Amino acid sequence: MSTVAWEFEPGDYFRGKKALVTGAAGFLGSHLVDKLLAAGCRVVGVDNLSTGNLANLRAALKNPLFSFIKADVTENLVLEEDFDFIFHLASPASPVDYRRLSIETMLVNGLGTKNLLDLALESQAVFLLASTSEVYGNPLVHPQPESYWGNVNPIGPRACYDESKRFAEALTMEYHRRYGCDVRIARIFNTYGPRMRLNDGRVVPNFISQALRGEPLTVYGNGRQTRSFVYVADEIEGLLRLAAAPHAAGEVVNLGNPEEKSILEFAQLVARLVGVECVIEYKELPPDDPTRRCPDISKAQKLLGWQPKTPLEEGLRATIAFFKQELRLPGEENKDVR
Ligand SMILES: NC(=O)c1ccc[n+]([C@@H]2O[C@H](COP(=O)([O-])OP(=O)(O)OC[C@H]3O[C@@H](n4cnc5c(N)ncnc54)[C@H](O)[C@@H]3O)[C@@H](O)[C@H]2O)c1
């Protein structure tokens with residue numbers, strides 16, 4: 001595979017085109033909608049608002065290029081128009097959500113993915129599936145390249161998410177092989193940034209909201225397990241590049257940050273940026289929680305000319321500002337950081 005030095009300008013690929021974004025009111029979906037609109041793309045957003053929030057689309061809803069449909073993509077979705085791009089992001093994504101909505105998660109990744117692939121076939125659209133690093137389960141190979149098949153417990157409490165994403169990937173590839181559908185699969189690693197929900201149970205909102213409230217930061221296990229975090233703007237750029245790349249049909253690509261941090265280091269950094277003392281409360285590690293996860297992004301670098309750019313401190317400062325506003329803390333009430 002040759003290295004691509006790609007001066008990527010979204011407007012060159014998306015201006016005047018039409019995209020469907022499922023999960024549009026969610027964290028990643030709403031940022032993707034904003035970027036597509038900024039590139040001059042017409043966008044239809046679909047969401048059943050099960051974990052999303054219309055407030056995330058506040059700016060988009062004022063844009064004449066955008067329309068929103070409240071619908072469940074596992075049900076018959078009648079859209080009498082063709083699309084150039086279909087971005088399938090609808091799915092609960094945080095462990096708290098997919099435990100609560102376990103069967104719904106399996107359905108949106110199974111039936112929902114099939115419905116959208118059928119639509120992509122009819123429209124001859126490029127189909128992009130938002131998959132996840134969770135397909136690697138508790139990995140035995142570090143860092144994880146796309147060629148690694150993973151170490152997943154098929155009957156564990158996370159299986160509703162990781163196994164259904166694996167099914168979604170398999171289905172997507174079958175549409176590519178059998179029907180020649182132009183598909184691309186993004187394996188998204190932990191992404192953070194404004195519009196995450198305070199109570200979604202993931203480590204970034206947990207630590208920031210606890211630090212801002214002056215509470216101890218909850219660490220599961222001994223805190224030596226690592227995670228790598230990519231800032232939302234970088235992740236969205238990766239998704240756009242993957243959808244636009246002329247040579248990426250049928251490809252699966254990791255989009256994440258290869259820079260690992262232990263959970264304890266991360267807790268200390270959040271506390272420092274919020275300006276509080278780092279007090280940790282240790283709790284038992286939940287079952288099947290991966291001890292280490294880190295992407296090998298050499299394929300994204302070569303195929304898409306992509307790698308994360310935003311320094312962790314910079315991304316965290318923007319995220320902290322957003323959470324301050326969500327918590328209505330002094331000093332942030334007049335800024336629009338959403
Ligand atoms: N955020 C991350 O770090 C991350 C990591 C890996 C993968 N992903 C994937 O990216 C996608 C978006 O994740 P997110 O973090 O924005 O999550 P999110 O929960 O904020 O957004 C998901 C959106 O999908 C909607 N949705 C769920 N089921 C639906 C259905 N049946 N019909 C229509 N809409 C439905 C929800 O209401 C929500 O707005 C998901 O597919 C997720 O698996 C995210």
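Hydrogens, waters and symmetry mates are skipped; everything else that's a heavy atom, side chains included, is used. Predicted, not measured: the structure shown is a model, and the values here were computed from it. One-based numbering, in listed order, for ligands and for the atoms of each. Along the sequence shown, residues are numbered consecutively beginning with 1.
Ligand 1 places these atoms under 4.0 Å from at least one heavy atom of Gly23: 23 (C), 24 (O), 25 (C). Applying the 4.0 Å criterion to heavy atoms of Asp47 picks out, from ligand 1, the atoms 23 (C), 24 (O), 25 (C), 33 (C), 34 (N), 36 (C), 37 (O), 38 (C), 39 (O). Atoms of ligand 1 found under 4.0 Å from any heavy atom of Asn190, numbered from 1 in the order shown, are 3 (O). The ligand atoms of ligand 1 that sit less than 4.0 angstrom from a heavy atom of Ala71 are 32 (N), 33 (C). If you number the atoms of ligand 1 from 1 as listed, the ones under 4.0 Å from a heavy atom of Lys165 come out as 40 (C), 41 (O), 42 (C), 43 (O). Near Ala25, meaning under 4.0 Å from one of its heavy atoms, ligand 1 places the atoms 39 (O). For ligand 1 and Asp72, the ligand atoms under 4.0 Å from any heavy atom of the residue are 30 (C), 31 (N), 32 (N). Numbered from 1 in the order shown, with element, the atoms of ligand 1 that lie under 4.0 Å from a heavy atom of Leu28 read 1 (N), 10 (O), 16 (O), 44 (C).
Within 6.0 Å of CD in Gln124 there are 12 or fewer heavy atoms belonging to other residues, nucleotides or ligands.
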Intermediate values then yes/no, side-chain contact (heavy atoms from CB on, under 4.5 Å), Asn153 and Asn138: CA-CA 9 Å; Asn153 175 358; Asn138 193 355; over 6 Å; no
Full working for side-chain contact (heavy atoms from CB on, under 4.5 Å) between Ile297 and Gln307: CA-CA 7 Å; Ile297 61 161; Gln307 61 188 26; 3.9 Å; yes
Stepwise salt bridge (charged side-chain N to carboxylate O under 4.0 Å, His left out) test for Lys165 and Asp162: CA-CA 5 Å; Lys165 286 287 187 185; Asp162 48 33; over 6 Å; no
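Side chain to side chain, Asn254 and Tyr136 meet the donor-acceptor criterion of an N or O pair below 3.5 Å. A donor-acceptor pair shorter than 3.5 Å can be found between the side chains of Asp118 and Tyr175. In this model, no donor atom of one side chain and acceptor atom of the other lie less than 3.5 Å apart for Ser94 and Asp200. Using modelled atom types and a 3.5 Å distance limit, the side chains of Glu174 and His176 yield no donor-acceptor pair.
Counting only residues at least two apart or in different chains, ring pair (Phe, Tyr, Trp, His ring centres under 6.0 Å) contacts with residues 25-63 comprise Phe27-His31. The side chain to side chain donor-acceptor pair (under 3.5 Å) analysis of residues 271-281, with sequence neighbours excluded, yields the pairs Arg272-Glu313.
Protein heavy atom nearest atom 20 (O) of ligand 1, with residue, atom name and distance: Phe27 N, 2.9 Å. Protein heavy atom in closest approach to atom 30 (C) of ligand 1: Asn48 ND2, 3.3 Å. Scanning all protein heavy atoms for the shortest distance to atom 8 (N) of ligand 1 gives Tyr161 OH, 3.9 Å. Looking only at protein heavy atoms, the nearest one to atom 21 (O) of ligand 1 is Gly26 CA, 3.4 Å. Nearest to atom 6 (C) of ligand 1 among the protein's heavy atoms is Ile188 O, 3.1 Å. Among protein heavy atoms, the minimum distance from atom 14 (P) of ligand 1 is reached at Ala93 CB, 3.9 Å. In terms of protein heavy atoms, atom 38 (C) of ligand 1 is closest to Thr51 OG1, 3.2 Å. Atom 40 (C) of ligand 1 has Leu89 O, 3.1 Å as its closest protein atom, hydrogens excluded (heavy atom only).
Considering both main-chain and side-chain atoms, Thr191 comes within under 3.5 Å of ligand 1 through a nitrogen or oxygen pair. At least one N or O atom of Ser50 sits closer than 3.5 Å to an N or O atom of ligand 1. For a threshold of 3.5 Å applied to N or O pairs, the pair formed by Asn53 and ligand 1 contains no separation below that value. Note: an N/O pair closer than 3.5 Å links Gly52 and ligand 1 by distance alone. On a distance-only criterion, Val46 and ligand 1 share no N/O pair closer than 3.5 Å.
Not a single heavy atom of Tyr192 sits less than 4.0 Å from an atom of ligand 1.
With Ala130, Ser94, Pro92, Ser131 as candidates, the residue nearest to atom 7 (C) of ligand 1 on a non-hydrogen basis is Ser131.
Of the inter-residue distances, the one linking Leu28 atom CG with Ile236 atom CD1 reads 5.0 Å to the nearest 0.5 angstrom. Between atom CG of residue Leu269 and atom CZ of residue Phe229 there is a gap of 10.0 Å, rounded to the nearest 0.5 Å. For the atom pair CD (Glu326) and CZ (Arg195), the distance works out to 10.5 Å, reported to the nearest 0.5 Å. Going from atom OG of Ser67 over to atom CG of Leu20 covers 9.5 Å, rounded to the nearest 0.5 Å.
With Glu134 as reference, Arg158 is the one residue of Arg158, Arg166, Arg187 to meet the side-chain hydrogen bond (donor to acceptor under 3.5 Å, both in side chains) rule.
Heavy atoms from both the backbone and the side chain of Val73 come within less than 4.0 Å of ligand 1. Under 4.0 angstrom from ligand 1, the non-hydrogen atoms of Arg202 all belong to its side chain.
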